[in-house]
Structures are given as C-alpha cells and as structure tokens.
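The structure appears below as structure tokens.
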Amino acid sequence: MNKQKIIIDCDPGHDDAIALLVAYYSDQLDLIGVSTCAGNQTIDKTSKNADNLLRFFGSSIKVAKGETDPIKRKVKTCPEIHGESGLDGYDFPNYKEEYDSRPAYQFIIDAVLANKDIIVVTTGPMSNLALAILKKPEITKNIKEIVLMGGSTTEGNITPVAEFNILVDPEAADICFKAGVPMRMLGLNVTRKILVTDEVVKEAEKIGTRGSDLFVKLMKVFNENQRKFFGLEYGPLHDPATIISMVNSKVFKFEPMHVEIDTTDTKFLGKTRCSASKPYNCDVAVSVNLDEYWAEVYKHLRRCN
Ligand code: RIB
Ligand code: CA
C-alpha cells in the first residue's frame with residue numbers, strides 16, 4: 001500500500017513528541033521530513049528536542065530549524081508546561097546534533113515541490129509554513145492538505161479566546177488559512193478532552209517498550225506542570241490528534257466550516273472564528289472517540305522498541 005507522504009513542523013513539546021512518534025511508526029504514513037518552530041520553547045531547544053526524538057526512533061531525518069520569532073511578533077514560549085528544556089522528563093543519550101543546512105521554510109518549499117499531494121502537518125505556530133507560502137506561493141498547488149493542531153471552536157487556553165499555536169503567530173495562521181489549500185483543524189474543543197489520565201499512564205506502563213517508557217516519563221512531568229500552571233488534573237495530549245486523524249477515520253468527526261483568524265491587536269487576537277454559514281475553507285474536528293484515540297497511541301508505542 002502506498003504510504004501518504006507527510007512533513008511535520010513542530011515545537012517539541014511533550015505532545016509534539018508523541019505526534020512525531022505516532023507518525024514515525026505509522027504503517028500508513030511516510031514521514032519524509034521534520035522542521036521546527038519556536039513555540040513551547042526557543043527554536044534551539046525545540047530543534048534539539050526534535051533531533052533527540054528522531055535519533056531515539058532511529059530515524060536518519062535531519063531537522064530543518066525554523067525562525068527564532070514569528071513573522072511579525074516576538075515569540076511566547078511555554079516553559080511552565082514543557083520545562084526549561086522544552087521536553088523535561090526524559091534523559092536522552094548524548095546524540096550528536098546534526099541539522100538540515102536549509103532553514104525550515106526552504107525545506108518545506110523543497111519537500112512540497114518534490115512531492116505532489118504531500119500533507120503538511122503543523123503542531124506549533126505556523127510561522128515556517130506561512131513563510132514558505134509567502135516566498136513560493138506556487139507550492140500551494142502541491143499540498144494535498146494542511147493538518148494543524150490549533151485554534152478552537154469554543155474557548156482558548158492562553159487567553160479566553162485564543163489557543164497557543166495561533167496566538168503566537170496569528171499572521172502566519174491567517175496566511176495559511178487564506179492560501180486556498182484544504183485545511184483540517186484539530187482545536188482545543190476536541191483536544192482538551194484527550195486527557196493523560198492515571199489509567200492511560202498505567203496502560204502505557206504495561207506495554208514495556210522504549211516508546212512506552214519515553215511516554216510514561218514525559219507524561220509524568222507534563223501532568224505535574226499542567227496541574228501547577230493550568231490547575232488541570234491531567235494534561236491534554238493535543239498534537240497526536242493531527243496524526244491519529246489521518247491514520248484512523250473513526251477517531252474524530254469533522255464538520256465543514258469557514259475559519260478565519262483574528263489578527264487585530266485587541267482582546268480577540270488569535271481567535272479562530274468558526275462559522276458554518278460562510279464559504280467553506282476548513283474541516284474542523286467537532287468530536288473525538290477517546291477509546292480509539294488511546295488505542296492508536298498504545299499501538300504505536302508498542303512499535304517503538
Ligand atoms: O495549545 C496547545 C498547543 O500549543 C500544542 O501544540 C502544544 O504543543 C503547544 O504547541
Ligand atoms: Ca505543539
């Protein structure tokens with residue numbers, strides 16, 4: 001069976017890490033490249049984390065590092081949740097860091113031009129993809145779909161209305177949503193239901209692979225920080241929703257909507273305005289089957305040994 005070619009632009013980040021793992025070990029997806037953006041931590045830290053994860057998986061992919069800041073704003077990081085390293089909780093071996101010589105936007109341009117019908121996944125601020133589209137608009141013809149974790153049909157997590165990935169670079173999200181490429185949005189309205197409960201951690205512990213050990217150690221820190229910072233009992237595992245929505249159609253239900261990004265410097269900055277009465281431009285996740293979601297996570301943790 002032909003695997004679907006994808007690239008992931010991410011800001012690992014505990015949940016990004018599990019998204020990368022599921023993508024790498026999927027038998028339906030061909031992860032041909034990874035780029036990083038500043039978000040959960042600075043670009044150097046998210047890039048080191050992505051590099052560590054790919055070495056841990058045994059991948060030869062070289063991470064393409066993104067910009068230090070969003071398109072027109074200063075980056076907001078989130079050490080409260082992801083820690084000083086951006087991926088606190090697991091001590092990786094001292095892998096030799098080796099990066100793609102191209103900046104992330106150039107890697108994205110090259111990967112898309114070389115692979116018609118590729119899917120671009122973003123699990124952080126959309127700065128790199130937006131830059132790639134600005135510099136080479138014709139790449140949009142080759143992109144089968146942009147699948148993003150971001151936004152919300154209801155409330156935000158950083159402000160009452162704005163979700164982190166969109167809020168950090170609202171201009172970038174605006175460029176992507178207006179690029180004329182099919183969009184699939186997995187927002188907080190569904191991802192906040194995906195909680196790393198004690199039962200989930202216990203199930204993962206039973207698996208006994210390197211991947212499950214990584215998951216358990218990372219999630220323990222992730223949950224502690226979510227409790228301290230957001231007052232949540234368990235952390236929501238947002239980013240793997242992008243990958244799982246592609247490998248198992250039973251997990252999420254989507255509705256066609258019009259999504260536009262608020263880029264005004266008001267209290268609405270970063271809001272994803274979702275409407276069913278304006279022209280369609282995005283499939284928006286509206287529900288999640290949690291049993292199926294976690295079954296997919298466990299399946300891929302088993303493969304990571
Ligand atoms: O709002 C949640 C999103 O912001 C996730 O992608 C998390 O990793 C952070 O990037
Ligand atoms: Ca992320």
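Remember, it's 1-based here, ligands and their atoms both numbered in the order they're listed. The basis for the numbers below is simple: all heavy atoms, side chains too, and nothing from hydrogens, waters or symmetry mates.
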- Numbered in order shown, the ligand 1 atoms found under 4.0 Å of a heavy atom of T123 are 6 (O), 10 (O)
- Query: Which atoms of ligand 1 are found less than 4.0 Å from any heavy atom of E163?
  - Reply: 1 (O), 2 (C), 3 (C), 4 (O)
- Sub-3.5 Å donor-acceptor pair from the side chain of T140 to the main-chain atoms of V181, do we have one? no
- D9 and S35 side chains, donor-acceptor separation under 3.5 Å: yes
- Message: Is the ring pair H14/F222 parallel, tilted or perpendicular, if the boundaries are 30 and 60 degrees?
- Response: parallel
- Indicate, as side chain, backbone, both or neither, the part of T191 found under 4.0 angstrom from ligand 1 when only non-hydrogen atoms are considered. neither
- Item | Between N49 and T46: side-chain donor-acceptor atoms closer than 3.5 Å | no
- Message: Does ligand 1 come near enough to H82 that some N or O of the ligand is less than 3.5 Å from an N or O of the residue?
- Response: no
- Query: Can a donor-acceptor pair be found between the side chains of E199 and T197 at a distance below 3.5 Å?
  - Reply: yes
- Task: Check whether I6 and V247 end up in the same hydrophobic cluster, where Ile, Leu, Val, Met, Phe, Trp and Tyr are linked by side-chain heavy atoms less than 4.5 Å apart.
- Result: yes
- What protein N/O/S atoms sit under 3.0 Å from the Ca ion (ligand 2), by chain and number? D11 OD1, D16 OD1, D16 OD2, T123 O, D239 OD2
- Task: Find all atoms of ligand 1 within a distance of less than 4.0 Å from any non-hydrogen atom belonging to H238, and give their numbers and elements.
- Result: 2 (C)
- Message: Which of the numbered atoms in ligand 1 are under 4.0 angstrom from any heavy atom belonging to N165?
- Response: 3 (C), 4 (O), 5 (C), 6 (O), 9 (C), 10 (O)
- Message: Is there a path of hydrophobic side-chain contacts, each under 4.5 Å between heavy atoms of I/L/V/M/F/W/Y residues, joining I108 to L29?
- Response: no
- Identity and distance of the protein heavy atom lying nearest atom 9 (C) of ligand 1: N40 OD1, 3.2 Å
- For N248 and E292, does a side-chain donor sit closer than 3.5 Å to a side-chain acceptor? yes
- Query: Think R184 forms a cation-pi with F254, using NZ or CZ under 6.0 Å from the six-ring centre and within 45 degrees of its axis?
  - Reply: yes
- Query: Does a salt bridge link D213 with K217, judged by any charged N lying under 4.0 Å from a carboxylate O?
  - Reply: yes
- Note on the structure: ligand 1 atoms nearer than 4.0 angstrom to some heavy atom of N157 are 1 (O), 2 (C)
- Interfacing atoms of ligand 1 (cut-off 4.0 Å, heavy-atom, M149): 2 (C), 3 (C), 5 (C), 6 (O)
- Task: Check the side chains of D16 and T123 for a donor-acceptor pair under 3.5 angstrom, ignoring hydrogens and angles.
- Result: yes
- Task: Taking only heavy atoms of D15 into account, list the atoms of ligand 1 that are under 4.0 Å away from them.
- Result: 5 (C), 6 (O), 7 (C), 8 (O)
- Which heavy atom of the protein is the closest neighbour of atom 6 (O) of ligand 1, given with residue, atom name and distance? D239 OD1, 2.6 Å
